[in-house]
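Remarks on the structure that follows.
These numbers come from a predicted model, not from an experiment.
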Amino acid sequence: MRLTTKGRYAVTAMLDLALHAQNGPVSLADISERQGISLSYLEQLFAKLRRGSLVTSVRGPGGGYQLSRGMEAIKVAQVIDAVNESVDATRCQGQGDCHSGDTCLTHNLWCDLSQRIHEFLSGISLADLVKRNDVQQVALLQDIRRGPAESDKIRASAVE
């Protein structure tokens with residue numbers, strides 16, 4: 001199965017944004033620091049996420065990005081699709097030329113698997129991920145590393 005760094009980073013950045021949404025717009029520099037993703041790469045991803053209507057930008061002091069709608073309405077598959085990524089289990093990228101230019105014996109099996117993975121990711125929202133205890137624990141550890149003010153904000157939102 002193939003999901004490149006672009007898709008993984010987009011989902012990670014959007015989850016970070018959802019986790020910190022209660023504090024207002026989130027800067028890409030903050031996401032970059034917490035997640036270890038380069039700022040220039042995040043800028044490219046967020047341009048695509050903005051075009052995909054998943055985020056909006058806020059200019060000026062205290063600006064950054066925010067989700068364009070509630071986190072329960074944003075599915076993981078939408079994030080991956082917005083950055084022009086696909087979840088593809090075939091070797092031929094779904095083209096059907098996997099066996100010396102022809103379709104291989106298992107082509108349809110891998111296409112079906114790709115479709116099921118997309119359906120699975122279409123059933124998971126950012127809100128579903130934010131509610132997970134393991135996600136909350138990792139976010140708390142990331143924010144503790146940044147300082148007490150950040151960890152207090154995350155801890156308060158986890159209680160709500």
Side-chain angles (χ1 to χ4, degrees), residues 1-90 93-94 113-160:
M1 188 190 88
R2 200 175 113 267
L3 177 62
T4 66
T5 302
K6 183 173 28 174
R8 292 179 191 278
Y9 280 0
V11 172
T12 299
M14 286 291 284
L15 182 54
D16 184 287
L17 185 61
L19 284 161
H20 295 89
Q22 74 281 353
N23 301 326
V26 178
S27 76
L28 293 185
D30 286 346
I31 295 172
S32 173
E33 183 180 336
R34 280 189 295 266
Q35 303 309 324
I37 304 170
S38 82
L39 186 56
S40 62
Y41 199 71
L42 283 173
E43 288 168 348
Q44 294 171 35
L45 290 176
F46 272 76
K48 291 179 179 188
L49 293 167
R50 191 174 58 242
R51 282 193 297 272
S53 301
L54 297 177
V55 297
T56 57
S57 60
V58 177
R59 296 183 181 268
Y65 285 88
Q66 54 193 20
L67 299 175
S68 64
R69 53 189 176 267
M71 65 179 91
E72 63 283 333
I74 299 175
K75 307 297 184 182
V76 172
Q78 292 174 309
V79 175
I80 293 169
D81 292 343
V83 295
N84 303 320
E85 183 64 31
S86 65
V87 180
D88 184 15
T90 67
Q93 288 74 48
L113 176 60
S114 298
Q115 180 61 34
R116 295 273 179 106
I117 292 169
H118 194 272
E119 289 169 5
F120 172 75
L121 296 174
S122 293
I124 302 171
S125 71
L126 292 177
D128 294 331
L129 295 175
V130 166
K131 291 175 192 171
R132 290 179 56 139
N133 286 333
D134 58 332
V135 170
Q136 287 287 333
Q137 290 300 313
V138 171
L140 182 60
L141 288 173
Q142 289 174 343
D143 286 322
I144 287 172
R145 287 186 194 118
R146 291 192 68 216
E150 285 297 318
S151 61
D152 290 343
K153 289 178 191 176
I154 289 294
R155 206 173 291 114
S157 69
V159 172
E160 293 173 357

Can you name the closest pair of heavy atoms from [X] and [Y] and give their distance?
X	Y	result
Leu67	Met71	CD1-CB, 3.7 Å
Pro25	Gly63	CB-C, 3.8 Å
Leu45	Ala10	CD1-N, 3.9 Å
Leu113	Ala89	CD2-CB, 3.7 Å
Ala82	Lys48	O-CB, 3.6 Å

Just by modelled atom types, is the Tyr65 backbone N or O under 3.5 Å from a matching donor or acceptor in the Ser57 side chain?
no
Starting at [atom1] of [X], measure out to [atom2] of [Y] and round the result to the nearest 0.5 Å.
X	Y	atom1	atom2	result
Glu33	Ser27	CD	OG	8.5 Å
His118	Asp81	NE2	CG	3.5 Å
Leu15	Ile74	CG	CD1	11.5 Å
Leu121	Ile80	CG	CD1	5.0 Å
Glu43	Leu28	CD	CG	6.5 Å
Gln66	Leu54	CD	CG	13.5 Å

Would you say that [X] contacts [Y] through its side chain, given a criterion of any heavy-atom pair below 4.5 Å between the two side chains?
X	Y	answer
Thr56	Ser68	yes
Phe46	Leu17	yes
Leu19	Gln136	yes
Asp128	Glu72	no
Leu129	Arg132	yes
Val55	Met14	yes
Leu49	Val83	yes

More than 12 heavy atoms of other groups within 6.0 Å of Arg69 CZ
yes
More than 12 heavy atoms of other residues, nucleotides or ligands under 6.0 Å from CG of Asp134: is that the case?
yes
Using the rule side-chain hydrogen bond (donor to acceptor under 3.5 Å, both in side chains), only one of Arg34, Gln35, Gln137 pairs with Gln142; which is it?
Gln35
